[in-house]
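Heads up, the thing below is written out as C-alpha cells.
Counting begins at 1 with the first residue of the sequence.
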Amino acid sequence: MVKKEIFKIACGLVMTIAFTACSGDGIEGKWVEPVPGMENQMQGIDLEKGGKASSMNMATLQYEKWERKDNILILCGKSIGNHTTGSFSDTLTIERLTGSELVLRKGTLTINYKKQ
C-alpha cells in the first residue's frame, strides 16, 4: 500500500515536471512595463536565447547578458551616467512567470513586466 502511494506521488511529480517543461512559459522574449511618470511609454528588457540581453527604451541602462538559475534572474550590463560608465550585475527573484507576465523582485522593488 505504501509503495503504491509513493508510486502515485512520483508519477505526479514526473507529470508536473513534463507539463512545466512543455508549457511555453519560457523567460526568453521582450518584456515591457510603463515608464514611471510617463505611463503612455514603455521600457523593458529583451531576453534572447543564448543569454544575450538588451535594454528597450532605457538609454542609461544597457543590458548585455542574462542568466537564469531556478527562480533567480541575473542581469548584467553597463550603467551610463554623467560622463561615467560602470558595469553592473543585478540579481532578481522571479516571483511569477507565465506566457504573458514576468514579475521580478529585488528587496522591496517589484517590477511587473508584460510580454510584448
Straight-line distance of [X] [atom1] to [Y] [atom2], nearest 0.5 Å:
X: Leu109; Y: Thr93; atom1: CG; atom2: OG1; value: 11.0 Å
X: Ile94; Y: Asn71; atom1: CD1; atom2: CG; value: 6.5 Å
X: Leu104; Y: Asp90; atom1: CG; atom2: CG; value: 10.0 Å
X: Leu47; Y: Lys30; atom1: CG; atom2: NZ; value: 11.5 Å
X: Leu102; Y: Ile27; atom1: CG; atom2: CD1; value: 5.0 Å
X: Glu95; Y: Asn112; atom1: CD; atom2: CG; value: 10.0 Å

Checklist entry - Below 4.0 angstrom, N of the basic side chain to O of the carboxylate: do Lys69 and Glu67 qualify? => result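 Counted as a salt bridge, because a side-chain N and a carboxylate O are separated by less than 4.0 Å.
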
Checklist entry - Is Glu28 paired with Lys49 through a side-chain N to carboxylate O contact shorter than 4.0 Å? => result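 Salt bridge absent between Lys49 and Glu28.
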
Residue pair [X] / [Y], side-chain heavy-atom distance below 4.5 Å:
X: Arg68; Y: Leu97; answer: yes
X: Glu101; Y: Lys115; answer: no
X: Glu33; Y: Ile111; answer: yes
X: Met42; Y: Tyr113; answer: no
X: Pro36; Y: Gln43; answer: yes
X: Trp66; Y: Ile45; answer: no
X: Glu64; Y: Cys76; answer: no

For [X] and [Y], which heavy atoms make the closest approach, and how far apart are they?
X: Thr98; Y: Trp31; result: O-CH2, 3.7 Å
X: Ile74; Y: Ser89; result: CG2-OG, 3.5 Å
X: Arg105; Y: Thr110; result: CG-OG1, 4.1 Å

Item to check | Test item: Gln41 side-chain N/O and Glu39 main-chain N/O as donor-acceptor pair under 3.5 Å | outcome: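 No; zero donor-acceptor contacts below 3.5 Å.
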
Checklist entry - Quick check: does any side chain N or O of Ser55 sit under 3.5 Å from a backbone N or O of Tyr63, one acting as donor and the other as acceptor? => result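 The answer is yes, because a donor-acceptor pair under 3.5 Å joins these two groups.
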
Checklist entry - Is there a chain of hydrophobic side chains (I, L, V, M, F, W, Y, each step under 4.5 Å between heavy atoms) that links Leu92 to Val32? => result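 No: no chain of side-chain contacts under 4.5 Å links Leu92 to Val32.
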
